[in-house]
Amino acid sequence: MEYSRFYYCASLILSISGLVFPVMVGSIGINYGQIANNLPAPDNVVPLVKSIGATKVKLYDADPRVLKAFANTGVEFIVGLGNEYLSKMRDPEKAQAWVKTNVQAYLPATKITCITIGNEVLTFNDTGLTDNLFPAMQNIHTALVNLGLDKQVSVTTAHSLAILEVSYPPSAGSFRKDLVGCITPILNFHAKTNSPFLINAYPFFAYKSNPKQISLDFVLFQPNQGIVDSKSNFHYDNMLFAQIDAVHSALASLGYSKLPVHISETGWPSKGDADEVGATLENAKKYNGNLLKIICQRKGTPMRPNTDFNIYVFALFNENMKPGPASERNYGLFKPDGTPAYSLGISGTDAVSANTTTTTGAPAPPSPDSSSNGYLSISAAVKERCCSCIGQLLFPLLLLSYSAFRLAF
């Protein structure tokens with residue numbers, strides 16, 4: 001397509017978004033995956049990111065084209081060091097060279113605030129990757145210290161929920177016993193360096209694995225009777241909050257209750273294979289629209305009610321070269337031509353019940369089409385996923401955005 005027209009349309013959307021939602025989604029981040037051969041140039045992506053109100057972007061690499069394109073935009077960046085580079089980062093000199101080339105070179109024009117070392121490493125069952133993860137994190141952090149950048153750039157790694165051995169009820173959340181030895185030094189590193197613990201959370205996978213027992217309304221933030229944690233008496237009316245609090249419990253069980261938990265990926269696919277139950281446009285609209293409402297309410301989870309969310313939704317675009325089931329290629333907010341993957345209108349029927357208050361008394365029984373265990377069978381559900389690069393974000397403005405694109409073309 002002609003990128004001048006693309007830029008015009010994106011700029012038009014940006015103008016509309018500034019009038020309609022100038023500050024509503026300032027705390028939301030977006031994952032910018034690029035496993036595709038048909039995506040627009042990064043310069044043309046800048047207005048799209050701004051059009052959805054995202055102020056934070058997470059990359060899976062340190063693409064110089066992207067980092068240059070977003071210079072002086074004020075957008076915060078998480079850059080990634082891929083799993084394939086972990087072994088090299090055991091060498092302090094190579095770690096420092098990487099930081100100089102991929103981080104220092106773009107500061108301060110591009111606001112890089114964090115580096116993720118690898119992605120979901122501990123659940124690949126690859127001892128080589130696992131053994132290299134923590135040394136790589138240490139050496140990258142040391143490089144930042146040597147360059148005087150450690151106060152502005154943190155170091156972390158993103159985990160799959162499959163690191164949990166127990167996830168239900170949320171108050172009983174715990175890490176897999178075989179991973180505790182690997183996770184504990186990482187948690188100590190986070191505590192010492194004030195860096196966040198990142199988790200990739202997908203209610204979709206839990207629902208896909210057991211749609212007969214898991215309430216669709218519960219995973220889509222739709223009105224439902226929810227569940228009550230019999231130990232804590234906290235009431236949960238959506239699975240994402242239950243997943244997040246299971247992680248909080250797991251951290252507390254190892255003595256790290258104060259570590260901040262950020263959601264590095266979440267989302268819902270708008271399309272999937274025949275056996276991918278729930279992967280539809282309508283469900284993606286509900287998940288993303290309701291998620292946005294909840295984030296903007298700034299209520300936190302039942303276990304952490306006064307904590308603002310830091311959520312990065314996957315992904316900016318549908319990525320046509322991602323391996324795996326069809327859903328993996330259909331999490332994007334936008335198609336490669338810059339038009340919305342689907343319009344997201346929020347009406348009265350989309351209203352969300354976000355009450356997550358402490359409940360005293362007997363636990364509420366599961367709904368007829370679900371079971372307590374089914375609600376939170378998180379770990380088993382996410383293990384089927386070989387690697388992660390998912391999440392989404394959308395809000396009512398995209399309905400206007402889509403119309404703007406149609407008019408411009």
Side-chain angles (χ1 to χ4, degrees), residues 159-164 166-173 199-230 232 234-250 261 263-269 276-280 282-295 297 299-305 309 311 313-314 327 331 350 352-357 359 363-385 388 390-392:
H159 302 281
S160 161
L161 273 174
I163 60 174
L164 296 183
V166 176
S167 55
Y168 179 82
S171 60
I199 198 77
N200 299 335
Y202 295 100
F204 167 70
F205 290 108
Y207 179 75
K208 174 185 170 182
S209 71
N210 202 356
K212 292 184 179 179
Q213 290 190 308
I214 297 176
S215 164
L216 184 59
D217 287 338
F218 186 71
V219 295
L220 295 179
F221 311 99
Q222 292 290 98
N224 68 94
Q225 66 181 22
I227 60 170
V228 173
D229 186 319
S230 59
S232 67
F234 287 135
H235 175 258
Y236 293 87
D237 61 10
N238 70 80
M239 179 177 282
L240 182 64
F241 281 13
Q243 291 179 331
I244 295 171
D245 277 354
V247 174
H248 281 133
S249 294
V261 175
I263 309 307
S264 43
E265 298 177 9
T266 193
W268 197 280
E276 294 191 280
V277 181
T280 67
E282 187 62 27
N283 289 342
K285 287 170 59 176
K286 289 179 180 178
Y287 185 86
N288 289 303
N290 289 335
L291 173 64
L292 179 66
K293 291 182 192 176
I294 287 176
I295 293 171
Q297 290 171 2
K299 288 185 177 180
T301 67
M303 201 173 287
R304 296 289 188 276
F309 290 111
I311 294 182
V313 197
F314 187 96
S327 61
Y331 277 86
D350 294 320
V352 62
S353 171
N355 296 323
T356 51
T357 56
T359 303
S367 60
D369 60 347
S370 63
S371 70
S372 295
N373 288 332
Y375 270 124
L376 296 170
S377 50
I378 302 166
S379 300
V382 297
K383 285 179 182 176
E384 67 185 73
R385 192 159 170 263
S388 163
I390 322 184
Q392 298 178 321

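Keep in mind that what you see is a predicted model, and the values were worked out from it rather than measured. All values below come from the heavy atoms of this structure, side chains included, with hydrogens, waters and symmetry mates left out.
Considering all non-hydrogen atoms of both residues, His235 and Gly226 come closest at NE2-CA, 4.0 Å. Closest approach of Val277 and Pro211 over heavy atoms only: CG1-CB, 3.8 Å. Taking each heavy atom of Val166 and Ala172 in turn, the nearest pair found is CG1-O, 3.3 Å. Closest approach of Ser167 and Ala246 over heavy atoms only: O-CB, 3.7 Å.
Using the six-membered ring where Trp is involved, Trp268 and Phe204 have ring planes that are perpendicular, over 60° apart on the 30 and 60° scheme.
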Does the pair Phe309 and Phe241 meet the rule for a ring-ring contact (aromatic ring centres under 6.0 Å, His included), with working shown?
CA-CA 11 Å; Phe309 290 111; Phe241 281 13; 5.2 Å; yes

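A 4.5 Å side-chain heavy-atom check between Ile163 and Ile199 finds at least one atom pair inside the cut-off. Leu240 places none of its side-chain heavy atoms less than 4.5 Å from the side chain of Ile294. By the 4.5 Å heavy-atom criterion applied to side chains, Tyr236 and Pro302 are counted as neighbours. Counting heavy atoms from C-beta outward, Asn290 and Gln222 have side chains that approach closer than 4.5 Å. A 4.5 Å side-chain heavy-atom check between Tyr207 and Asn283 finds every atom pair outside the cut-off.
Among residues two or more places apart in sequence or in another chain, the side chain to side chain contact (heavy atoms under 4.5 Å, CB included) test is passed with Ala250 by Leu164, Phe175. The side chain to side chain donor-acceptor pair (under 3.5 Å) search around Asp217 returns none, not counting sequence neighbours.
Judged purely by distance below 3.5 Å, without hydrogens or angles, the side chains of Asp245 and Thr301 pair a donor atom with an acceptor atom. Between the side chains of Ser264 and Asn200, at least one donor N or O sits under 3.5 Å from an acceptor N or O.
Judged by distance alone, with hydrogens and angles left aside, the side-chain atoms of His248 form no donor-acceptor pair with the main-chain N or O of Ser171 at under 3.5 Å. Side chain of Thr266 to main chain of Tyr202: no donor-acceptor pair is present (N/O by atom type, distance under 3.5 Å, no hydrogens or angles). A donor-acceptor distance shorter than 3.5 angstrom exists from the side chain of Asn224 to the backbone of Asp237, with no hydrogens or angles considered. Checked by atom type and distance alone, the side chain of Gln243 never pairs as donor or acceptor with a backbone atom of Leu161 at under 3.5 Å.
For the atom pair NZ of Lys212 and CG of Asn210, the computed distance is 9.5 Å after rounding to the nearest 0.5 Å. Taken from CG in Asn238 to CD1 in Ile227, the straight-line distance is 9.5 Å, to the nearest 0.5 Å. For the atom pair OH of Tyr331 and CG of Asn288, the computed distance is 10.5 Å after rounding to the nearest 0.5 Å.
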